[in-house]
Protein chains: 2
Amino acid sequence: METQDAVAALAALAQETRLDIFRLLVQAGATGLPAGKIAEQLGLPSATLAFHLKELKHAGLVTFTRQGRSLIYAAVYHRMTALLGYLTENCCEGNPATCGLPAARKEPA
Amino acid sequence: METQDAVAALAALAQETRLDIFRLLVQAGATGLPAGKIAEQLGLPSATLAFHLKELKHAGLVTFTRQGRSLIYAAVYHRMTALLGYLTENCCEGNPATCGLPAARKEPA
DNA sequence: ACTATATTTCCATATAAATGGAGATATGGA
DNA sequence: TCCATATCTCCATTTATATGGAAATATAGT
């Protein structure tokens, strides 16, 4: 993962509402959640939710598929993995033990 | 690590200049670097650097000690470790394999 | 075609972040 | 004490982000 992408992903997650959304989607798993359900769970106005979903989408952390009238959003795990890989490498300069971490697997994407 | 702290750490790193500063300090290791050296390496005006160092300090990602006229800054590894732990848990809901990662060691701080 | 539902885009507004010059503060040495 | 050095704080300006009402778009059912 490039620095630019890492900054984008970090910025996307560096906001409480978006982090909440992302966590909710991670919990939801591969099935994902329709936008309306997310809004309901977090008590967000639709416009606000749409704004944050766009940010997450732009950072590559979520995707969606249409299903009838609903858009089903889901977390993009490999993107998160790539971010963790980037941070581990740049935190520990190739020696994760520096940060008390086991070695991260090579990022698959 | 609490969500609030994670958001603060993410926000601190979600900025190219600050990420550059942090990486430089990680590379510098436990010895750290004087502010002037950081400014020189990255070509930053002193006011701009001071602003970003304050952000990183506030997020707990760097500390400093005075040494003569210089302030020596150093990366706070355990904070980064805690952030990685938080993200791993919240990305994978206790099952890091979900993201293709080995289990993270329990955060020491 | 019409109506209801799901979600988005548009827009105005409010709030916060980033930049860098100029001046203030702290330390060390002559 | 005076001067140089290292870094910070103050401030004005610019730029980006967050919020949410209202209207637009897409789909489904009747």
T63(B): side chain to side chain contact (heavy atoms under 4.5 Å, CB included) partners, not counting sequence neighbours:
V76(B)
If I compare all heavy atoms of T3(A) with all of E16(B), which pair ends up nearest, and what's the gap?
CG2-OE2, 3.9 Å
Whole angstrom is fine here: how far is it from CD1 in I72(B) over to P in dT5(D)?
18 Å
Holding to side chain to side chain contact (heavy atoms under 4.5 Å, CB included), I want the full list of residues that pass it with L25(B), two or more places apart in sequence or in another chain.
I21(B), L33(B), I38(B), V62(B), Y73(B), A75(B)
Nearest whole angstrom, please: distance from the C1' of dA18(D) to the CD of E16(A).
14 Å
Return the minimal non-hydrogen interatomic distance between Y86(B) and R23(A), and the atom names on each side.
OH-NH1, 2.5 Å
Hey, is the main chain of T17(B) close enough, under 3.5 Å, to the side chain of Q15(B) for a donor-acceptor pair?
yes
Close residues, residues 28-35 of chain A, relative to DNA chain D [heavy-atom separation under 4.0 Å]
none
Rounded distance (Å) that lies between atom C1' of dA28(D) and atom CZ of R69(A):
4 Å
Given dA18(D), is OP1 or OP2 found less than 4.0 Å from the side-chain N or O atoms of Q15(A)?
yes
Scan for side-chain hydrogen bond (donor to acceptor under 3.5 Å, both in side chains) pairs involving residues 45-60 of chain B, sequence neighbours excluded, and state none if there are none.
R18(B)-H52(B)
Residues from residues 43-68 of chain B sitting under 4.0 Å of DNA chain D, heavy atoms only?
S46(B), A47(B), A50(B)
E40(B) CD to dT5(D) P, straight-line distance once rounded to whole Å:
15 Å
Does dT30(D) have a Watson-Crick or wobble mate here (both distances under 3.5 Å), and if so which one?
dA1(C)
Which is the 5'-most and which the 3'-most nucleotide of DNA chain C that has an atom under 4.0 Å from a heavy atom of chain B?
dA18(C) to dG28(C)
For L83(B) against A6(B), the heavy-atom pair lying closest together
CD1-O, 4.0 Å
